[in-house]
Amino acid sequence: MRVSIITVCYNREDTIRDAIESVLAQNYDDIEYIIVDGSSKDNTMNIVNEYRGRVTKIISEMDRGMYEAINKGIRMATGDVIGLVHSDDILVSPDTISHIVNRMKETGADLLYADGVYVKRDNTNKICRNWVGGEFSRNKIKWGWLPLHTTVYIRKETMMKYGLYDERFEISADTKLLIKYLFNPDIKVTYLHEYVIKMRMGGLSTTGAHMSHVWAEDVLLYKQYGFKHPKMLKVMKICWKIPQYISARFMSLNDINR
């Protein structure tokens, strides 16, 4: 089973190296690694080019945003499974992808999700949020639950059949894709109870400047999918974060490393 990992980036000279190194450190031997840069103006591409001999495909060109860049990567991918490692993210351990592949093979799943943590941007050893996905239930989605996006791995044939990210949504295209896929009874879902990703705080949807935009896009999505009381559902989605912050206060990296 070939795994295509996609990293999209724009002006991420401070973090891109950690993301790349975590992918290249994987002990799984059939990884296609694709980096899609949005024509960065800083030193990002100089760093990326240091790894040109070890990264499968690199493109750097203007785009209309993160989800267009992700879709570009998906379309050029040749792997059986698609996963994302954003430029601010770090895979937890060298055997992360091996464990994901083993679980998907064992279960025959089309979509896998797992656990992840948010860490401080300037100190990746400090956990800020503890996101444990929990066993899958469509009823939980009706209460605002969704898995952490970057823990999700999906078969490419599934994505090509049911559609990629909706680029009309600047921030919530991942929410739309997850709802669409997880409510589809023809897509087999499995949960890997294991930490697979560390995400730096301060991403597009976690900064205060974008919170009102996130709110508007999420409410629109819930309306489109016919959920009752979409604003209340958005409130419940936020409430799922509270125990994540609380439990993180009592955690260290030893709790997520195997």
Side-chain angles (χ1 to χ4, degrees), residues 4-10 12 19 34 36 38 63-75 77 81-89 91 100 110-118 129 131-134 136 138 140-156 158-184 187 189 191-192 196-207 209-225 227 230 233-234 236-238 240-241 244:
S4 295
I5 296 179
I6 300 167
T7 295
V8 301
C9 55
Y10 179 72
R12 283 295 185 264
I34 300 170
V36 183
D63 55 51
R64 295 187 300 273
M66 177 175 66
Y67 295 109
E68 182 189 14
I70 293 174
N71 284 342
K72 284 182 187 179
I74 294 171
R75 291 188 180 102
V81 173
I82 305 292
L84 304 178
V85 176
H86 292 324
S87 54
D88 291 343
D89 300 348
L91 291 172
I100 288 169
D110 304 301
L111 183 154
L112 173 147
Y113 67 91
D115 304 330
V117 292
Y118 281 89
R129 283 174 62 186
W131 195 316
V132 175
F136 177 62
R138 291 188 176 91
K140 290 198 299 185
I141 302 171
K142 298 176 183 179
W143 291 91
W145 172 89
L146 283 174
L148 180 59
H149 180 221
T150 50
T151 72
V152 175
Y153 285 72
I154 308 170
R155 292 184 185 269
K156 184 179 179 182
T158 299
M159 302 196 78
M160 300 312 293
K161 181 176 181 179
Y162 295 108
L164 306 185
Y165 293 90
D166 188 338
E167 297 169 20
R168 294 173 295 178
F169 289 84
E170 181 182 350
I171 299 176
S172 297
D174 54 344
T175 297
K176 181 174 183 179
L177 182 137
L178 290 175
I179 291 174
K180 177 172 67 174
Y181 281 21
L182 294 173
F183 267 119
N184 187 330
I187 295 177
V189 179
Y191 167 53
L192 176 64
V196 302
I197 201 81
K198 294 193 297 183
M199 301 178 64
R200 285 181 172 88
M201 292 292 290
L204 188 60
S205 63
T206 62
T207 53
H210 290 91
M211 292 308 293
S212 61
H213 195 167
V214 175
W215 177 280
E217 286 195 350
D218 278 359
V219 169
L220 176 60
L221 281 174
Y222 292 140
K223 287 180 179 178
Q224 288 182 351
Y225 279 93
F227 288 109
L233 187 58
K234 175 60 180 176
M236 290 188 290
K237 183 180 179 183
I238 294 172
W240 281 94
K241 299 178 182 180
Q244 298 172 6

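In what follows, residues are counted from 1 in the order of the sequence shown. Model, not experiment: these values are computed from the prediction.
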Hey, could you give me the [atom1]/[atom2] distance between [X] and [Y], rounded to the nearest 0.5 Å?
X      : Y      : atom1 : atom2 : value
Asp174 : Leu177 : CG    : CG    : 8.0 Å
Ile82  : Ile154 : CD1   : CD1   : 9.0 Å
Leu178 : Leu146 : CG    : CG    : 5.5 Å
Met236 : Lys142 : CE    : NZ    : 11.5 Å
Ile5   : Leu84  : CD1   : CG    : 9.5 Å
Arg168 : Lys176 : CZ    : NZ    : 4.5 Å

What heavy-atom pair brings [X] and [Y] nearest, and what distance separates the two atoms?
X      : Y      : result
Trp145 : Leu182 : CZ3-CD1, 4.4 Å
Ile100 : Leu112 : O-CD1, 3.8 Å
Ala173 : Asp166 : CB-O, 3.3 Å
Asp218 : Ser172 : OD1-OG, 2.8 Å
Asp115 : Gly134 : OD1-N, 4.3 Å
Ile171 : Tyr67  : O-OH, 2.6 Å

Side-chain contact test, heavy atoms from C-beta onward, threshold under 4.5 Å: evaluate it for [X] versus [Y] and give yes or no.
X      : Y      : result
Leu111 : Thr158 : no
Asp63  : Tyr10  : no
Leu192 : Tyr153 : no
Leu221 : Phe169 : yes

Would you check, one step at a time, whether the test side-chain contact (heavy atoms from CB on, under 4.5 Å) holds for Ile179 with Tyr222? CA-CA 9 Å; Ile179 291 174; Tyr222 292 140; 3.8 Å; yes
[Y] backbone acceptor or donor facing [X] side chain under 3.5 Å:
X      : Y      : value
Trp240 : Trp143 : yes
Lys180 : Tyr162 : yes
Asp110 : Arg155 : no
Glu217 : Glu170 : yes
Lys156 : Ala77  : yes
Arg129 : Tyr118 : no
Thr7   : Val85  : yes
Thr151 : Leu148 : yes

Assess whether side-chain contact (heavy atoms from CB on, under 4.5 Å) is satisfied between Ile70 and Val36, documenting all intermediate values. CA-CA 8 Å; Ile70 293 174; Val36 183; over 6 Å; no
Using 30° and 60° as the class limits, which term best fits the ring planes of His86 and His149: parallel, tilted or perpendicular? tilted
Do the ring planes of Phe227 and Phe183 sit parallel (below 30°), tilted (30 to 60°) or perpendicular (above 60°)?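 Rings of Phe227 and Phe183: tilted, 30 to 60°.
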Arg138: which residues meet the side chain to side chain donor-acceptor pair (under 3.5 Å) condition with it, sequence neighbours left out? none
Check step by step if side-chain contact (heavy atoms from CB on, under 4.5 Å) holds for Val132 and Tyr191. CA-CA 10 Å; Val132 175; Tyr191 167 53; 3.5 Å; yes
Show your working on side-chain contact (heavy atoms from CB on, under 4.5 Å) between Lys72 and Ile6 and close with a plain yes or no. CA-CA 10 Å; Lys72 284 182 187 179; Ile6 300 167; over 6 Å; no
